[in-house]
There are 2 protein chains.
Amino acid sequence: MNIQQIKYFLILAQELHFWKTAERTHITQSALSRQIQALERELGVQLFERDKRNVKLTSAGQFLKEKWEVQINELEFFHEHARQIQLGESGTIIIAHPDSISASLMPDMLSSIASAYPKLNIELVQVRYEDQQEFLRNYKVDLVITRDINKTDDISSEQIATDYLSIVVPDSHPFQSVEDLTKETLDSQKFILPIKDEGSSYSDLIQQLFRAYNVVPNAYLHSEFGSAIISLVKKGLGIAVLPTSYMWHETPGIRFIALPYQTDLFLNWRVNDHHPVLNNVLKLILKR
Amino acid sequence: MNIQQIKYFLILAQELHFWKTAERTHITQSALSRQIQALERELGVQLFERDKRNVKLTSAGQFLKEKWEVQINELEFFHEHARQIQLGESGTIIIAHPDSISASLMPDMLSSIASAYPKLNIELVQVRYEDQQEFLRNYKVDLVITRDINKTDDISSEQIATDYLSIVVPDSHPFQSVEDLTKETLDSQKFILPIKDEGSSYSDLIQQLFRAYNVVPNAYLHSEFGSAIISLVKKGLGIAVLPTSYMWHETPGIRFIALPYQTDLFLNWRVNDHHPVLNNVLKLILKR
DNA sequence: ATTCATTAATGTAATATAAACATTAGTTCA
DNA sequence: TGAACTAATGTTTATATTACATTAATGAAT
């Protein structure tokens, strides 16, 4: 059984048309027809019901389509990761991080990695909160920096920095310091807040902040991108609660009012990873 | 890339010897050598470091060994399940159940399935508590009857019966009814108990029972097999707490003292399963 | 009805791949 | 130094896969 055959099957299962599939896969229709037949013969399972006119998945075919799609996709990432292990110091590692620390934690960390491994490629990506674990587990990313601890059987998590929440206001705003924040002054504000991620400790922290002031925030705008939130604050569309790290972006026109609410940053990685460079990078980051 | 090649790789990764592997796989050493080379070429990854004397996995090879082992194994079960879907009513479904209900719930349930699907094969297996979810998820079993609710995103769970705990004593034992059970009488007993499954509600229930009598049971023997426990009770090695269902096994020489502790039985299955017969069997069981 | 377009399967020949067998070239150990 | 071992490779043969052309069945259009 050939992985190529399974890929042909998956495209045919989508197209349900031998000619179109043959075109998409750059083989002739006859070759495709025979490959599918060979696959069916070897499996002992009829995958399609076909007459001279129509092609349709059988129940067993539908089942295998769903399973194979997932597996083949996972396989590709495994193979890519194996290549990166082989490339070692001249390969690529992929780091997911929150935008908030782009100008604070990241630059230092990256320059220390880069000077230790000058030929190493580093890809920086942002991954949605709910995808972080899956991406790490399936080798779509190698390291994830989060504001939540993620320790599970197969993911290790360690705190690497602490940060605080700040109220972010435009320069022209009356709020100058923490003393200006009361239930009364906050109640009259419009807030731009992050999209609430259930179960995220960062979300919880913001909830906690408002509860402390006994305020239900008037939040009419939500965004998961801090930089978008900052732009909106600057334009006077509301005020926001963001990690203090954003201050290092040095955006003109806004003011940060630091609050005593701590939000830790964690580094997350797969336990027992075989990537030797990745393991060394890990040591490098955690040792500091 | 061929699945057969990956299987060759996995055996070679275990044997680390081309001749032995060739023998085990029933091909010649030259064929094996070239298959591994082809695999390495197509992947773009060197899997083994080899000289004229030794064969050794590379880091990338070690990584792929671990991942492929899992994936290929999962694939085999998917293919087998696809064949069972195709076989339909003349295929096989695999049901895992606790031994306790072998003589009570199971006979009725099985005869109703068997009369509705006379050509259907049914395999009965026992699966350890901690493997139940994984076996169901990976198509190693099709239905699981448990004493715990298992509802997750991909597993449905529904109560199908209730059962009670009983104290099981040999015929010669002084305990005759619930009234004989007190902290004092229980403290002097030796108990044969199930192996404690952390987080299992059945385990919890037994704990709860002893707590109600303020007793820390003197349990020197543990077994996960109820039938073994019954044999031991019969021989006078101790008394036990078991589901009342075991009474239907009608083992002579022992006595059941029913307790007012309820332990529900749940049927668990994969949501969105494509097996048409399995879905019908499910309806059949749940409708009663 | 008849014709035409569509489409999956198949016969055939050319090509590519994979196998067994025999041999080679290092390596280890006595 | 030679024997045993072992992975790789050259060679030949068998098998599998491809492209091309054709077939057979179906449905739509006239």
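Here is how names work: the chains are called A, B, and so on, in the same order as the sequence lines, proteins then strands, and each is numbered from 1. Computed from a predicted structure; not experimentally measured.
For the ring-ring contact (aromatic ring centres under 6.0 Å, His included) criterion with B:Tyr139, the lone passing option out of B:His274, B:His79, B:His81 is B:His81.
Put simply, B:Gln37 has no side-chain N or O that comes within less than 4.0 Å of OP1 or OP2 on D:dA7. The shortest distance between the side-chain N/O atoms of B:Arg50 and the OP1/OP2 oxygens of D:dA8 is below 4.0 Å. For the pair B:Thr28 and C:dA19, the criterion of a side-chain N or O lying under 4.0 Å from OP1 or OP2 is not met. A close approach under 4.0 Å does not occur between any side-chain nitrogen or oxygen of A:Arg34 and OP1 or OP2 of D:dA16. Look at B:Gln4 and you won't find any side-chain N or O under 4.0 angstrom from OP1 or OP2 of C:dA18.
The backbone N or O of B:Gln46 sits less than 3.5 Å from a side-chain atom of B:Thr58, completing a donor-acceptor pair. When atom types are taken as modelled, the side chain of A:Asn268 and the backbone of A:Val144 share a donor-acceptor pair closer than 3.5 angstrom.
Nucleotides of DNA chain C nearest to B:Trp19 and B:His26 differ in position, and the one nearer the 5' end is that of B:His26.
If you take CZ of B:Phe48 and P of D:dT6, they are 16 Å apart, rounded to a whole angstrom. Following rounding to the nearest Å, B:Leu16 (CG) and D:dC5 (P) show an atom-to-atom distance of 19 Å. Straight-line distance from the CD atom of A:Gln46 to the P atom of C:dA9: 10 Å, rounded to whole Å. Remark: P of C:dA19 and CD1 of B:Ile27 are 6 Å apart, rounded to the nearest angstrom. Between the CD atom of B:Gln35 and the C1' atom of C:dA20 there is a distance of 13 Å, rounded to whole Å. One atom, NZ of B:Lys56, and another, C1' of C:dT27, lie 17 Å apart when rounded to the nearest Å. Rounded to a whole Å, the CZ atom of A:Phe18 is 16 Å from the C1' atom of D:dT18. In this structure, the CG atom of B:Leu12 is 9 Å from the P atom of D:dA8, given to the nearest Å.
Residue A:Gln29 is in base contact, counting any heavy-atom pair closer than 4.0 Å across all strands shown. Counting any heavy atom pair closer than 4.0 Å across all strands shown, B:Asp51 reaches sugar-phosphate atoms only and no base atom.
No hydrogens or angles were tested; on distance alone, a donor-acceptor pair under 3.5 Å links the side chain of B:Ser30 to the base of C:dC21.
Nearest nucleotide to the B:Ala31 side chain, out of C:dA20, C:dA9, D:dA19: C:dA20. Listed nucleotides: D:dC20, D:dA7, C:dA9. Nearest to the side chain of B:Val55: D:dA7.
A donor-acceptor pair shorter than 3.5 Å can be found between the side chains of B:Gln14 and B:Arg24.
Using a 4.0 Å cut-off between charged nitrogen and carboxylate oxygen, B:Lys140 and B:Asp131 do not count as a salt-bridge pair.
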